[in-house]
Asks: 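Quick one: this structure, given as structure tokens, is what I'll be asking you about.
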Amino acid sequence: MKCFVLLGLLVVALAVGASAQCRCETMKWATCDGTPCECFLIVGNGDKQALNCTTLIPKCFLMKAEMYRARKGLSTRTIGGKPMETAFVDNDGIYDPECESNGLFKAKQCNGTEECWCVNSAGVRRTDKADKDLKCEELVETHWVRLELKHKETKDPVDPAKLKAAIADAIEDRYQLDKKFVSDIQYDKDARLIVVDVKKDIGDRTADLSRMAYYMEKDIKVLPLFKDTMKFEPDVGGQKLDLEKILVYYVDEKAPTFTMKRLTGGVIAVIVVVVLAVVAGLVVLFLARRREHAKYEKTQVRELDEIQQALS
Ligand SMILES: *[C@@H]1O[C@H](CO)[C@@H](O)[C@H](O)[C@H]1NC(C)=O
Ligand SMILES: *[C@@H]1O[C@H](CO)[C@@H](O)[C@H](O)[C@H]1NC(C)=O
């Protein structure tokens, strides 16, 4: 009996292992599923092109997929995006946080209201909003941030190697974070996009990635937080790089627990239609009621008139 249970566990473990391996190394937009693993690419309106991921994908399929993605407004750039399925961005903006005496965020935040949520060590909401009885067991650490930076057009071409060095140096010199934490920097010259992965070991509680990311966000989006308000303009081979956009992805040691990942267009449309229908129904009801009321008042007046006439 026990033997069967063990065997069952083994099969499950193997299946899980196999599904984790089910991916297309040669095409990042591919969707893969099943055992044996099968991958395909969406190349038209719902058209699935089966792929052989042991080799490079034929250019014609790729171009078809790119045209499809461009029509759909999907990204065709080669770098960036979510570093992990569980990565998330800050959609809330700032709130009035509760801090520990050492400057850490309290795990539960309510922005001075009755509505509360749990945050990670970067103070970014990682649960749904709930009432004030919400429990946040612990402050979950953000151990990986991905910074997507976009720079403005430059006069001369940017040397990728020098660019990467300049960004790593800035993280160490300007943002005081050891550059050993910079695990990867990618550059897409056509998109003018720089993707910087800053990562620390799980369990590391000494380095704080949230400060660096916040200072850089302010540097690029608003104004520097430093007293000396010199702009953040990494010097790349004598050419100053002007950064115009930043997007920060957070990866926590534990996956966040949002229930509604995002409302897709279709779902939003349905909600709008339902709300409109309900409102229309209420308006009709209200008008009908009013008309009835008006009729009632009129009859009353008429009756009164009749009584008065009878009396006179
Ligand atoms: C995939 O491509 C490899 C290399 O060209 C080839 O050996 C293999 O037979 C192909 N697999 C399928 C299912 O077509
Ligand atoms: C926090 O409260 C302020 C003012 O009451 C509001 O402007 C802000 O949007 C709130 N932030 C969040 C994340 O709820």
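Order of listing sets the numbers, starting from 1, for every ligand and every atom in it.
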Asks: Considering heavy atoms of the protein only, find what lies nearest to atom 14 (O) of ligand 2 and give residue, atom and distance to 0.1 Å.
Replies: N111 ND2, 3.3 Å

Asks: Does the structure place the NZ or CZ of K200 under 6.0 Å from the centre of the six-membered ring of F181, at an angle of no more than 45° from the ring's axis?
Replies: no

Asks: For ligand 2, which atoms sit closer than 4.0 Å to a heavy atom of Y95?
Replies: 11 (N), 12 (C), 13 (C)

Asks: Answer yes or no for R69 and W29: cation-pi contact, defined as NZ/CZ to six-membered ring centre under 6.0 Å and angle to ring axis within 45°.
Replies: yes

Asks: Side chain or backbone of K129 under 4.0 Å from ligand 2, or both, or neither, by non-hydrogen atoms?
Replies: side chain

Asks: For atom 10 (C) of ligand 1, what is the closest protein heavy atom, and at what distance to 0.1 Å?
Replies: N52 ND2, 2.4 Å

Asks: Is there at least one protein heavy-atom neighbour under 4.0 Å from atom 1 (C) of ligand 2?
Replies: yes

Asks: Just one of I185, V182, D178 clears the side-chain contact (heavy atoms from CB on, under 4.5 Å) bar with I171, so which one?
Replies: V182

Asks: Taking only heavy atoms of T55 into account, list the atoms of ligand 1 that are under 4.0 Å away from them.
Replies: 2 (O), 3 (C), 4 (C), 5 (O)

Asks: What's the separation between atom CE in M216 and atom CG in D219, rounded to the nearest 0.5 Å?
Replies: 7.5 Å

Asks: Just to confirm, does any protein heavy atom lie below 4.0 Å from atom 7 (O) of ligand 1?
Replies: no

Asks: Using a strict cut-off of 4.0 Å, indicate which atoms of ligand 1 neighbour a heavy atom of T54.
Replies: 1 (C), 2 (O), 3 (C)

Asks: Counting each atom of ligand 2 from 1 as listed, which ones have a heavy atom of I94 under 4.0 Å away?
Replies: 11 (N)

Asks: Using only heavy-atom distances, determine whether the side chains of N52 and T54 contain a donor-acceptor pair under 3.5 Å.
Replies: yes

Asks: Does the SG-to-SG distance between C37 and C22 fall under 2.5 Å?
Replies: yes

Asks: Examine ligand 2 and decide if any of its atoms is less than 4.0 Å from a heavy atom belonging to T113.
Replies: no

Asks: Could you measure the distance from the CZ atom of R146 to the CG atom of D184? Nearest 0.5 Å is fine.
Replies: 7.5 Å

